[in-house]
Amino acid sequence: MILYSALKNRISQSILYYLELSVIIVNYNVKHFLEQCLCSVQKAIPGIDAEVIVTDNNSTDSSISYLQPAFPSVVFLSNQENTGFSRACNQGLAISKGKYVLFLNPDTLVPEDCFSKCIAFLDAHPDAGALGIHMLDGSGKFLKESKRAFPAPLTSLYKLFGLARVFPQSRTFAKYHLEYLAEKENHEVDVLAGAFIMVKRAVLEKTGSFDETFFMYGEDIDLSYRIQEAGYKNYYFAESSIIHFKGESTRKLSLNYVRMFYNAMNVFVKKHYGRRRAGLFNFIIHVAIWMRAGLSATGRFIERIGLPLIDAGLILLSFVAMKNVWQNVRPEVEYKNLLLWIAFPAFTFVYLLVAYYAGLYDRRYRQSKLIRSTLISTLSVLAGYSLLPEKFRFSRAIVLLGALLAFFLISALRWLLIRWRVLDNAQTGDLHPKTLITASPEEFENTLWLMKEAGLQERVIGRIAVDENDEQAVGHWKNIKLLAGSFSFSEIIFCEGTLSFKNIIEAVQELPGNITAKFHAAGSHSIVGSDSKDESGEALSKENGYKLSDPYNRRLKRLIDILFSVFSLITFPVHLIGVKKPVPFFGNCFSVLFAHKTWIGYALHEKQLPALRQAVIACNGTPLSSLQHFPEESLKMVDQWWARDYEPVNDLKLLWKAYRNLGG
């Protein structure tokens with residue numbers, strides 16, 4: 001264990017000579033983002049005597065075996081457990097030899113001149129201890145955590161209650177993110193974000209490195225404070241920009257995030273401000289935790305159970321309201337209450353069923369899904385209504401007007417939930433975006449192949465030229481704004497190669513708000529991106545090419561599980577004869593019905609495959625208890641093929657084929 005206090009002495013004793021720069025990166029299960037990051041780092045270090053060190057915190061995504069062959073000049077350290085950010089940084093620092101040390105997040109992209117500019121700035125400012133940088137999220141928007149003040153209790157309270165957002169230019173209320181300081185100018189600041197901190201080694205010899213008391217969050221604030229305490233200044237450097245895909249608020253609605261973040265702030269305050277001020281901060285922490293706990297509990301309830309129940313209430317309310325309205329329009333018509341109280345719940349059930357399979361209850365809300373589900377369910381109800389005997393009919397107008405009112409009420413509810421950040425909004429992108437690739441012809445073919453491997457080649461509709469003399473593309477990369485006004489697309493993949501990382505980072509800042517961006521470095525085997533700082537990034541590679549990952553296919557799979565289980569329980573006398581082990585079979589029916597199992601699934605559980613419940617029958621048609629007769633490599637291959645080429649109808653075929661063994 002290397003504690004920061006012991007490391008302070010070890011730094012000066014163990015370093016016999018200096019390189020100019022040591023880049024230290026801590027990785028945990030983000031191998032594709034780290035791949036793109038390392039590609040950009042390698043383009044930024046020519047001309048600098050530099051080394052790159054990656055400490056892997058026991059990743060489960062095969063990060064080391066995936067990256068080490070591709071980056072032989074990078075030093076990889078591998079931990080047997082997740083030691084936390086601070087300790088992993090200190091491990092890299094202990095073997096580093098740079099005059100300057102850069103602690104860099106793996107989910108970043110840096111331009112080619114970034115390091116040389118930062119080093120020149122530090123050389124020109126003898127009073128500087130460290131610097132942070134102008135950071136952008138994956139959509140090119142400025143990340144406010146690029147510059148911050150120390151977390152005094154009142155400063156944190158103003159941020160917690162939203163006063164900083166209401167008064168962004170106030171030196172009192174907006175102090176947390178120093179929003180009154182110009183984004184595009186260099187400034188002396190208090191806190192540097194841990195995603196990018198370049199520090200002079202001579203300063204670390206005086207202050208020590210990261211305090212390992214901070215497992216995650218707060219370690220950058222603590223180091224920034226100690227740098228100032230040692231008589232140096234921290235600078236926000238705005239003359240270069242990097243992309244940081246996952247900003248500070250990636251999990252800001254998570255109760256666990258709030259607890260970890262504010263407890264880290266409490267550790268910091270106790271350490272540097274004394275216990276008296278820590279008491280006030282502890283009170284703020286508990287206020288924050290209880291507020292977030294309420295939001296988190298509400299969000300989980302709405303996401304998992306509450307939203308369909310609320311929708312059901314709104315639909316019933318709409319039908320009842322329209323029934324009363326229509327009765328005033330047609331007072332001569334009498335509606336039997338018993339009939340209506342059977343019909344309205346039945347209509348509501350149809351609406352909810354169609355909404356589920358239209359994707360209305362997917363993780364991210366889209367207005368198009370609500371429109372589609374309303375139209376389909378209304379037509380279905382009207383079609384079923386027309387087949388009823390005359391004595392069971394009441395009024396098509398009630399159905400139509402009720403559906404219309406329900407649509408407006410549910411739309412209003414979704415708008416409120418999005419405003420309160422209980423639901424995610426996916427209105428900025430398409431479910432199946434139309435993608436243009438900014439690349440040379442050769443780069444385009446390579447990227448198209450990657451998209452094909454990921455099962456997403458149907459998204460690609462054309463190429464944006466990187467050469468002004470290229471007339472075979474739909475437009476030129478410097479004219480993307482004009483292109484967006486005349487050509488229908490919603491996503492751009494920027495290929496690094498002919499274009500530099502610096503070109504790409506400048507271009508992404510000019511994208512219209514409805515266009516999302518992804519990035520692909522020359523020679524890499526992945527494409528990465530993130531629509532905003534509030535969302536975890538998305539990585540595309542051949543590992544994404546599983547049809548089983550499609551939410552539509554997963555819904556159909558679950559429907560097959562439920563229908564087959566219900567049918568089997570209804571027709572149970574038949575299965576007493578047909579199935580070899582009927583008692584375990586009925587047990588499996590209940591397990592599948594209550595979502596503990598799935599009828600058809602994996603033979604083995606590989607982490608890189610789409611997650612599934614435990615299977616009754618493996619996807620090769622064999623009961624799990626009989627799989628020991630098959631080689632492990634063959635089973636892995638069968639699982640991958642099945643997940644990649646998944647079709648719901650194949651589950652029905654396998655159920656028919658393996659019927660007698662469904663109790664196994």
Side-chain angles (χ1 to χ4, degrees), residues 1-11 14 22-38 41 51-72 74-96 101-108 193-197 204 208-223 244-246 248 250-251 254-268 271 526 536-537 539 543 604-609 611 636:
M1 179 185 296
I2 303 173
L3 294 172
Y4 84 102
S5 55
L7 187 64
K8 177 179 175 180
N9 297 323
R10 185 170 175 178
I11 292 170
S14 62
S22 296
V23 181
I24 298 172
I25 304 171
V26 177
N27 174 63
Y28 182 66
N29 288 331
V30 286
K31 66 181 181 182
H32 296 304
F33 284 92
L34 178 56
E35 178 184 27
Q36 302 301 315
C37 176
L38 290 175
V41 167
E51 64 181 349
V52 183
I53 301 168
V54 172
T55 305
D56 183 76
N57 261 337
N58 196 30
S59 294
T60 57
D61 65 350
S62 307
S63 290
I64 299 293
S65 59
Y66 176 79
L67 294 168
Q68 203 162 24
F71 300 96
V74 175
V75 177
F76 287 90
L77 305 177
S78 184
N79 288 324
Q80 299 307 305
E81 61 178 341
N82 185 355
T83 62
F85 179 79
S86 298
R87 188 180 299 178
C89 282
N90 290 346
Q91 287 175 288
L93 180 62
I95 65 167
S96 68
V101 179
L102 172 63
F103 298 105
L104 182 69
N105 266 28
D107 54 348
T108 55
F196 185 108
I197 301 180
L204 291 176
S209 184
F210 289 117
D211 184 345
E212 294 173 14
T213 306
F214 299 90
F215 181 84
M216 185 181 294
Y217 310 118
E219 67 287 319
D220 50 358
I221 302 174
D222 176 70
L223 179 59
H244 180 207
F245 289 104
K246 289 180 245 183
E248 177 187 60
T250 299
R251 294 178 293 166
S254 162
L255 178 59
N256 187 50
Y257 162 77
V258 173
R259 184 184 292 111
M260 290 181 68
F261 178 76
Y262 280 97
N263 281 337
M265 296 305 98
N266 196 31
V267 171
F268 170 81
K271 179 178 177 181
S526 59
S536 296
E543 296 171 8
L604 303 173
H605 280 275
E606 292 293 311
K607 292 181 179 178
Q608 71 269 22
L609 296 176
K636 286 182 180 179

| request: Please identify each residue that fulfils side-chain hydrogen bond (donor to acceptor under 3.5 Å, both in side chains) with Asn27, with sequence neighbours left out. | output: Asp56, Ser59, Ser63
| request: Identify the two heavy atoms, one from Ser86 and one from Glu219, that lie closest to each other, and give their separation to 0.1 Å. | output: OG-CB, 3.2 Å
| said: Given 3.5 Å as the limit, does a donor-acceptor pair link the side chain of Asp220 with the main chain of Ala193, or not? | reply: no
| field | Spacing of Ser209 atom OG and Leu223 atom CG [to the nearest 0.5 Å] | value | 6.0 Å
| task | State the CD1-CD distance between Ile53 and Gln91, to the nearest 0.5 angstrom. | result | 11.0 Å
| Spacing of Asn29 atom CG and Leu34 atom CG [to the nearest 0.5 Å] | 11.5 Å
| Leu77 CG to Ile25 CD1 distance, which is reported to the nearest 0.5 Å | 12.0 Å
| request: Answer yes if the side chains of Asn57 and Asn79 hold a donor-acceptor pair under 3.5 Å, and no otherwise. | output: yes
| field | Exercise: identify the closest heavy-atom pair between Val41 and Leu104 | value | CG2-CD2, 3.7 Å
| In Å and rounded to the nearest 0.5 Å, what is the OG to CG distance from Ser22 to Leu93? | 8.0 Å
| said: So Leu67 and Phe76, do their side chains get closer than 4.5 Å, heavy atoms only? | reply: yes
| Between Lys31 (side chain) and Tyr66 (backbone), is there a donor-acceptor pair under 3.5 Å? | no
| Can you name the closest pair of heavy atoms from Phe85 and Asn105 and give their distance? | CE1-OD1, 4.1 Å
| field | Qualifying residues under side-chain hydrogen bond (donor to acceptor under 3.5 Å, both in side chains), relative to Thr55, sequence neighbours excluded | value | none
| task | Taking all non-hydrogen atoms of both residues into account, name the closest pair between Val101 and Phe103 and its distance. | result | CG1-CZ, 3.7 Å
| query | Side chains of His244 and Phe196: does their closest heavy-atom pair fall under 4.5 Å? | reply | no
| remark: Closest non-hydrogen contact found for Cys89 with Ile24 is O-CG2, 4.0 Å
| Value rounded to 0.5 Å, distance of CG in Asn82 from CG in Asn58 | 7.5 Å
| remark: Looking only at heavy atoms, the pair that brings Glu35 and Ser526 closest together is OE1-OG, 2.6 Å
